[in-house]
Undergrad: 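Here it is: the structure, laid out below.
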Amino acid sequence: MPIINEEIASAFGELADLLELTGADRYRILAYRRAAATLAGFARDVGKISEKELTGLSGIGRATASKVREFIETGTMRALEDARAELPPGVLEMTTLPGMGPKKAMLLHSELGINTIDELQTAIEGQRLRELKGFGSKTEEKLLGAIGRRAHASKRFLLEGAFELADEILRELRALPQVSRAEYAGSLRRMKETIGDLDILAAADDPAPVMEHFASMRFGRKRGSIARGPTKSSIVTKAGLQVDLRVVAPDEFGAALQYFTGSQAHNVAVREIAVKKGMKLSEYGLFTVEDGKRIAGATEEEIYQALGMQTPLPTMRENRGEIPLALDERLPSVIRREDIKGDLHAHTVYSDGTGSVAEMVQAGAEMGYSYFAITDHGGGRWRFTEKIIRKQRQEIERVSRELGGGMTVLQGVEMSIRPDGSFAFSDEVLASFDFVIASVHDALGMDPDAMTRRLIRVMEHPEVNIIGHPTSRRLQKRPPISFDLEAVFRAAAANDVALEISAHPERIDLKDDHVRLARELGCLFSIDTDSHGPGRLHRMRYGVGTAQRAWVPAEEVINTWPLQRLKKFFAKKA
DNA sequence: GCCGTTTTCGGCCCGACTGTTTTCAGTCG
């Protein structure tokens with residue numbers, strides 16, 4: 001999705017946060033949040049759509065549309081700048097601590113003059129918080145813990161932002177006449193759940209114009225600091241992500257790509273194989289030791305082939321057993337993006353999604369799926385009554401006839417799991433859905449034994465088919481819930497409940513290590529995006545990448561199956 | 001600030017959990 005959409009969404013989000021601190025009308029705040037969500041979920045560049053189309057988007061009216069245009073023209077919004085000027089920036093930052101919302105942050109600011117997280121830490125250590133109403137020893141303890149974790153977290157970036165930036169850079173580089181190939185490498189290509197920096201490679205005989213162009217590109221609107229050499233340039237984006245571009249000769253491209261993709265452990269092992277065969281592998285190519293003659297280098301495949309190996313997928317290059325198998329020509333076949341026949345987790349405006357049923361179905365059809373599921377939230381605050389469930393069912397049936405293009409649209413539901421492992425809906429209501437996802441959304445801090453019981457009870461429920469984002473973590477925001485992974489995974493396998501691999505970039509849940517464990521215990525998986533807007537469905541690739549990192553074959557992923565087999569699985573009659 | 005096959009004005013953001021305040025405010029999803 002276009003970077004400008006994300007930027008404007010983030011500006012509205014910040015505006016809403018700031019207004020919340022200073023106590024603006026809550027519905028105005030809500031309106032900005034809705035506008036932000038809509039823009040973030042919109043697939044096309046908002047700068048390139050008509051006024052009518054813009055105000056036609058849900059949650060965008062005259063005032064927000066004019067702010068959108070203002071941002072496109074000036075790079076900011078008057079209202080945002082005014083709101084920023086009202087408070088020290090650290091006050092907003094304090095609200096990123098779990099348990100610290102706008103009310104508490106403002107109280108600390110106004111009563112104790114605390115304006116940064118550092119000052120907060122000092123105040124807690126000096127036991128000054130206890131004087132304030134609403135602050136006790138537990139709060140102090142929690143905040144100190146959160147501040148500590150924050151200090152230890154190294155600066156890593158979520159996949160999505162990095163991917164979008166990489167895609168944009170590649171699009172521009174590939175359009176240059178001098179560039180014959182361009183790819184991203186590094187941990188992004190291996191699809192690690194977070195990445196430290198972005199490595200881009202381009203093949204060109206003459207690097208100078210490529211470097212020139214790279215230096216002139218805008219990164220997230222603001223040109224970052226830049227270091228330039230003849231074949232390597234580095235830029236640090238506004239967000240702090242370092243982007244390295246290396247330009248290599250076309251006949252070195254494969255070697256460079258292999259080298260910069262890593263992982264380091266994989267490369268070390270591959271080089272050892274080269275040495276044993278009387279060859280030398282570097283980022284410039286594969287050479288004979290004897291006379292330094294180039295054997296391979298233009299593509300990765302020819303390098304691996306020359307070493308007598310299959311080419312492992314980038315996502316499998318972690319030296320976790322892939323090398324002996326590649327040497328034996330026995331690399332397992334793992335899932336590919338094109339194996340996915342449908343997305344089984346998506347929200348609409350019936351709960352907290354930004355898209356209508358029609359918009360989501362259309363987006364699903366555009367992904368080329370043969371089936372697609374609408375799974376709004378059941379229970380909790382969403383008044384998803386039996387009447388509304390029926391209404392949604394009718395809407396789904398009508399819309400899928402009109403827009404589905406032959407795609408089957410299922411009506412599922414994502415049920416919040418209560419602390420005792422029960423649901424807000426009766427079994428009868430649950431049975432009226434095509435299938436049921438069950439997810440932990442609250443009471444995240446339960447002790448592991450209780451959490452394990454809670455989840456096992458869910459596994460044994462006859463209507464439950466998928467556990468959504470099983471550890472409920474939020475990358476860089478919230479740790480996973482604690483439970484006995486093995487016991488719960490065993491229960492899933494025994495009860496025909498699939499474990500979700502959420503492709504949501506903030507979740508990536510299950511993560512690769514957990515998927516590996518679950519595979520060993522015989523579990524099946526469902527790779528889903530948990531999309532809350534029509535522009536999010538492409539996130540499927542992060543889930544597929546995660547599954548690949550755990551060597552999952554398509555066969556073990558229920559949403560690669562034909563619809564009839566999937567339905568049997570949901571009916572637990574497989 | 002947005003929105004309308006119940007409304008162009010009056011709704012919209014609610015239920016559960018947590019910690020602390022003994023009756024509930026703040027936070028989170």
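Lettering follows sequence order; numbering is per chain, from 1. Atoms considered below: every heavy atom in the structure, side chains included; atoms not considered: hydrogens, waters and symmetry mates.
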Undergrad: Determine which pairs satisfy ring pair (Phe, Tyr, Trp, His ring centres under 6.0 Å) with at least one residue from residues 73-99 of chain A, sequence neighbours left out, and list them in order.
TA: none
Undergrad: Is the phosphate of dC2(B), meaning OP1 or OP2, less than 4.0 Å from a side-chain N or O of T64(A)?
TA: yes
Undergrad: Give me the distances for all protein-to-nucleotides 9-12 of chain B N/O pairs that come in under 3.5 Å?
TA:
none

Undergrad: With sequence neighbours left out, what residues match H504(A) under ring-ring contact (aromatic ring centres under 6.0 Å, His included)?
TA: none
Undergrad: Are T76(A) and E81(A) linked by a side-chain donor-acceptor pair shorter than 3.5 Å?
TA: yes
Undergrad: Using atom C1' of each nucleotide, how far apart are dT8(B) and dC13(B) to the nearest Å?
TA: 22 Å
Undergrad: Taking only residues two or more places apart in sequence, or in another chain, which ones meet A493(A) in a side-chain contact (heavy atoms from CB on, under 4.5 Å)?
TA: C523(A)
Undergrad: Got a sec, which residues hit ring-ring contact (aromatic ring centres under 6.0 Å, His included) with Y32(A), two or more places apart in sequence or on another chain?
TA: F12(A)
Undergrad: With sequence neighbours left out, write down each residue that passes side chain to side chain donor-acceptor pair (under 3.5 Å) with D167(A), or none if nothing qualifies.
TA: R541(A)
Undergrad: Using whole Å, report how far CE of M446(A) lies from P of dT18(B).
TA: 9 Å
Undergrad: Could you tell me whether E397(A) and R401(A) make a salt bridge, using a distance below 4.0 angstrom between a side-chain N and a carboxylate O?
TA: no
Undergrad: According to ring pair (Phe, Tyr, Trp, His ring centres under 6.0 Å), does anything in residues 447-475 of chain A pair up with another residue at least two apart or in another chain? List the pairs.
TA: F423(A)-H461(A), H441(A)-H469(A)
Undergrad: Could you write nucleotides 24-29 of chain B as a row of B, S and -, 5' to 3', where a protein heavy atom under 4.0 Å of any base atom gives B, of only sugar-phosphate atoms gives S, and otherwise -?
TA: --SSSB
Undergrad: Which protein N or O atoms sit under 3.5 Å from an N or O of nucleotides 5-8 of chain B?
TA:
none

Undergrad: Name every residue in residues 119-145 of chain A that has at least one heavy atom under 4.0 Å from any atom of DNA chain B, in order of residue number, or write none if there are no such residues.
TA: G134(A), G136(A), S137(A), K138(A), T139(A), K142(A)
Undergrad: Look through every strand shown and name the nucleotide pairing with dA25(B) as Watson-Crick or G-U wobble, where both distances are under 3.5 Å.
TA: dT18(B)
Undergrad: F433(A): what forms a ring-ring contact (aromatic ring centres under 6.0 Å, His included) with it, not counting sequence neighbours?
TA: none
Undergrad: Could you tell me which residues satisfy ring-ring contact (aromatic ring centres under 6.0 Å, His included) with F435(A), sequence neighbours excluded, listed by chain and number?
TA: F570(A)
Undergrad: Measure the acute angle between the ring planes of H377(A) and H532(A), then classify it against the limits of 30° and 60° as parallel, tilted or perpendicular.
TA: tilted
